[in-house]
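Working notes, beginning with the structure itself.
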Amino acid sequence: MSTRTRFAPSPTGFIHLGNIRSALYPWAFARATGGKFILRIEDTDVERSSQEAVDVILQGMAWLGLSHDEGPFYQMQRMDRYKEVLAQLVAAGHVYPCYMSVAELDALRERQMTAKEKPRYDGTWRPEPGKVLPAIPEGVEPVLRFKTPLQGVVSWEDKVKGLIEIRNTELDDLVIARSDGTPTYNFCVVVDDIDMAITHVIRGDDHVNNTPRQIHIFRALAHEPPVYAHLPTVLNEQGDKLSKRTGAKPVTQFRDEGFLPEAMVNYLARLGWSHGDDEIFSREQFVQWFNLDHLGKSAAQFDETKLRWVNAQHLKAMPEDALAPLVQAQLAVKGLQADARLPAICGLFKDRCDTTVALANWATAFYADVHPNADDLAKHVTPEVKPALELLANKLNALSDWSVAAISVAFKEVLTEKGLKMPQLAMPVRVLVMGTPQTPTVDAVLHLCGLEKVLARLKVA
Ligand code: GLU
């Protein structure tokens with residue numbers, strides 16, 4: 001039987017790194033096993049769901065290359081199907097109407113709390129042989145409750161947490177349809193997982209409490225539940241659960257901040273899974289190596305410094321032709337248009353950058369004016385060095401061949417004629433031409449900058 005996994009986000013807020021990791025693993029497992037990955041949008045919380053949130057989910061997944069094979073399926077479009085299956089459960093005697101009012105439920109909870117008991121529905125309306133049910137109140141539409149087995153345990157072998165066993169006495173009879181007939185969350189999830197033939201449910205461990213209930217519903221519908229893997233939480237740098245409220249960013253913001261999808265996949269993969277000590281790997285390697293046996297058991301903590309390091313490694317390894325369009329996209333944000341030099345610029349600067357935004361900042365010096373700061377000018381462009389700068393400008397202007405080698409020769413001639421050391425000349429040139437004293441080798445920088453611009457910038461001296 002081939003594997004079928006799913007990602008089932010609720011579009012109730014933007015999708016952050018913790019959420020998208022719950023897409024990455026089922027995606028990788030489907031790819032690793034030659035199975036199918038299904039996208040399901042759980043939009044039944046109509047008040048809080050939005051199209052905007054759906055768009056960010058789709059954009060984030062597309063950016064990271066987490067392509068789905070089926071879907072997106074929207075739960076709101078499957079209501080008729082849920083009602084059909086609900087009717088089957090009713091017919092098979094697995095559910096019963098409950099007329100307990102909200103006020104009665106509140107009073108019950110109050111009594112249980114006072115008695116230091118766990119608040120739970122007490123089965124008042126659950127039919128049993130020989131039991132006399134209360135008189136049905138007039139004008140009240142009942143909710144439908146699921147008959148949880150009264151004895152025994154429900155258990156599953158979680159791929160992350162190991163064997164989990166819950167006594168059925170811990171569970172009360174879950175409402176699976178509201179009084180207006182709309183099905184509730186746990187029921188819809190089970191119908192979907194059955195209809196979509198999901199074999200492995202890989203999701204956040206905030207759903208562990210739902211799992212015993214879902215397993216009972218599976219069995220009532222004569223289906224065996226899938227394999228479950230509940231992923232530990234992702235914490236932020238302060239150790240709080242990653243969420244919008246605690247400052248998490250939408251996934252797409254990392255794209256805008258210049259992170260590479262390959263690096264994000266690499267970083268997220270390591271946030272709760274490992275392959276020996278491997279830290280840097282490609283998407284292909286990840287898919288080749290991924291299995292459910294090496295998922296981490298403890299909460300993972302987001303670490304932006306580490307993410308930047310991973311990004312820098314991928315950036316370094318990326319061919320300059322592939323980097324150039326990404327850097328052009330960042331330049332476009334500043335209203336700048338690059339040219340054929342951009343791949344070479346990327347090649348020259350990529351080793352000192354951790355994002356494509358940093359790379360674009362360097363590239364900006366080639367496509368817009370530079371503004372050296374007063375301190376750098378005062379420190380490096382001293383009156384003593386100005387004659388040497390002028391001589392350099394003249395020599396550069398006279399070159400018949402604008403090559404790195406010829407530029408290097410011109411530098412050496414000036415150093416000899418003026419009795420200077422390389423840094424005494426190279427620093428002021430860097431400050432004037434690139435706006436900063438820290439650049440890669442100065443001849444290569446000047447070569448890419450072009451004679452005209454170099455002369456104009458040296459003239460300022
Ligand atoms: N919609 C749920 C969520 O966003 C996921 C449900 C599931 O994976 O079963 O947390």
Side-chain angles (χ1 to χ4, degrees), residues 3-30 35-58 60-61 66 68 70-79 82 85 154 156 158-161 164 174 176 182-218 221 223 225-234 241-246 248 250-251 268 272 292 295 299:
T3 52
R4 292 176 60 86
T5 63
R6 50 41 161 211
F7 177 44
S10 305
T12 51
F14 65 68
I15 183 166
H16 57 64
L17 290 190
N19 306 134
I20 201 86
R21 196 195 55 170
S22 298
L24 180 66
Y25 291 173
W27 170 83
F29 190 60
K36 295 271 188 272
F37 176 56
I38 292 125
L39 175 60
R40 175 167 93 219
I41 306 290
E42 301 200 328
D43 56 352
T44 53
D45 185 343
V46 183
E47 303 263 286
R48 293 171 59 228
S49 297
S50 72
Q51 186 55 44
E52 204 187 346
V54 172
D55 292 343
V56 177
I57 291 168
L58 297 175
M61 291 178 72
L66 309 181
H68 50 275
E70 294 173 24
F73 298 106
Y74 292 82
Q75 287 191 321
M76 282 309 284
Q77 292 170 13
R78 290 178 41 80
M79 282 298 152
Y82 304 137
V85 179
V154 51
W156 74 97
D158 197 278
K159 284 303 230 172
V160 178
K161 298 179 183 292
I164 300 188
L174 182 74
I176 63 168
T182 57
T184 59
Y185 173 74
N186 277 298
F187 176 70
C188 299
V189 168
V190 174
V191 174
D192 286 346
D193 284 340
I194 290 173
D195 285 355
M196 295 166 200
I198 301 302
T199 59
H200 294 74
V201 167
I202 305 167
R203 63 183 172 197
D205 66 3
D206 46 333
H207 289 283
V208 165
N209 289 340
N210 290 325
T211 306
R213 300 181 176 287
Q214 293 181 5
I215 289 176
H216 282 313
I217 300 172
F218 266 102
L221 290 168
H223 280 268
V227 173
Y228 290 98
H230 285 98
L231 308 168
T233 316
V234 180
K241 190 174 174 200
L242 209 61
S243 82
K244 192 175 173 177
R245 258 169 291 117
T246 57
V251 168
L268 287 170
L292 302 180
L295 292 170

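Counting starts at 1 for both ligands and their atoms, in listed order.
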- By side chain to side chain donor-acceptor pair (under 3.5 Å) - contacts of Lys161 (at least two apart):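 Lys161 satisfies side chain to side chain donor-acceptor pair (under 3.5 Å) with Asp205 only.
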
- Message: A quick test of your reading: do over 12 heavy atoms of other residues, nucleotides or ligands sit less than 6.0 Å from CD of Glu52?
- Response: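 Open: at most 12 neighbouring heavy atoms sit under 6.0 Å from CD of Glu52.
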
Anything under 3.5 Å between an N or O on ligand 1 and a protein N or O? List each pair with its distance, or write none.
unit_1: ligand 1; atom_1: 1 (N); unit_2: Ala8; atom_2: O; d: 2.7
unit_1: ligand 1; atom_1: 1 (N); unit_2: Ser10; atom_2: OG; d: 2.8
unit_1: ligand 1; atom_1: 1 (N); unit_2: Glu42; atom_2: OE1; d: 2.5
unit_1: ligand 1; atom_1: 4 (O); unit_2: Ser10; atom_2: N; d: 3.2
unit_1: ligand 1; atom_1: 4 (O); unit_2: Ser10; atom_2: OG; d: 3.3
unit_1: ligand 1; atom_1: 8 (O); unit_2: Arg6; atom_2: NH1; d: 2.6
unit_1: ligand 1; atom_1: 9 (O); unit_2: Arg6; atom_2: NH1; d: 3.3
unit_1: ligand 1; atom_1: 9 (O); unit_2: Arg6; atom_2: NH2; d: 2.8
unit_1: ligand 1; atom_1: 9 (O); unit_2: Arg203; atom_2: NH1; d: 2.8
unit_1: ligand 1; atom_1: 10 (O); unit_2: His207; atom_2: NE2; d: 2.8

- So Tyr228 and His230, would you call those rings parallel, tilted or perpendicular, with 30° and 60° as cut-offs?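 Answer is parallel, since the angle falls under 30°.
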
- Message: If you define the side chain from C-beta out and look only at heavy atoms, does anything of His68 sit under 4.5 Å from Ile38?
- Response: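 Side chain of His68 against side chain of Ile38, heavy atoms only: no contact under 4.5 Å found.
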
- Query: What is the distance from atom CD of Gln75 to atom OH of Tyr185, rounded to the nearest 0.5 Å?
  - Reply: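 Answer rounded to 0.5 Å: 7.5 Å.
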
- Item | Criterion side chain to side chain contact (heavy atoms under 4.5 Å, CB included) against Gln214, the qualifying member of Val201, Val190, Val154 |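 Single pass found, and it is Val190.
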
